[in-house]
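This report concerns only the one structure given below.
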Amino acid sequence: MDRKLKRNLYGRYDVLEYWLFDPDLRLAEIFRRDEAGHLVKAAEYEDEGELTSPLLPGLVIDLKLLWPEEV
């Protein structure tokens with residue numbers, strides 16, 4: 001649902017950026033508007049990394065702190 005329905009809705013209503021998180025895959029995907037105005041994947045993180053956004057200056061999210069501990 002997030003990948004198709006929300007992407008279409010966000011595209012229609014000029015959302016500049018959206019993030020998808022999958023804790024099972026330990027994956028974060030960032031979609032942003034390109035120069036043509038389309039929402040495209042701008043970044044993908046697996047397991048670790050620091051997520052930032054030009055829309056939220058100063059925000060840094062350490063992704064390894066989001067995921068559940070491995071058993």
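In this chain, residues are counted from 1 in sequence order. Side-chain atoms are counted along with the backbone in the values below, which use heavy atoms only and exclude waters and symmetry mates. Because the structure is predicted, anything quoted here is derived from the model rather than measured.
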| field | Same cluster (ILVMFWY, side-chain, under 4.5 Å), L66 and I30 | value |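 L66 and I30: one cluster.
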| query | Is I61 reachable from L56 through a run of I, L, V, M, F, W or Y residues, each pair having side-chain heavy atoms under 4.5 Å apart? | reply | yes
Where [X] and [Y] come nearest, the two heavy atoms and their spacing:
{"X": "L16", "Y": "L39", "answer": "O-CD2, 4.0 Å"}
{"X": "L27", "Y": "E46", "answer": "CD1-CG, 3.6 Å"}
{"X": "E17", "Y": "L55", "answer": "CB-CD1, 3.5 Å"}
{"X": "L63", "Y": "Y45", "answer": "CD1-CB, 3.3 Å"}
{"X": "L25", "Y": "D22", "answer": "N-OD1, 3.1 Å"}

| query | With side chains defined as the heavy atoms from C-beta onward, is the minimum distance between V15 and K6 less than 4.5 Å? | reply | no
| said: I'd like to check V60 versus L51 (side-chain heavy atoms, cut-off strictly below 4.5 Å). Are they in contact? | reply: no
Can you tell me how far [atom2] of [Y] sits from [atom1] of [X], rounded to the nearest 0.5 angstrom?
{"X": "K4", "Y": "L9", "atom1": "NZ", "atom2": "CG", "value": "12.5 Å"}
{"X": "R7", "Y": "R12", "atom1": "CZ", "atom2": "CZ", "value": "14.5 Å"}
{"X": "D34", "Y": "R32", "atom1": "CG", "atom2": "CZ", "value": "12.0 Å"}
{"X": "F21", "Y": "R26", "atom1": "CZ", "atom2": "CZ", "value": "13.5 Å"}

| Ring geometry between F31 and Y18 (parallel below 30°, tilted from 30 to 60°, perpendicular above 60°) |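 It falls in the parallel class, under 30°.
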| query | Does K64 come within less than 4.0 Å of E48, counting only side-chain N to carboxylate O? | reply | no
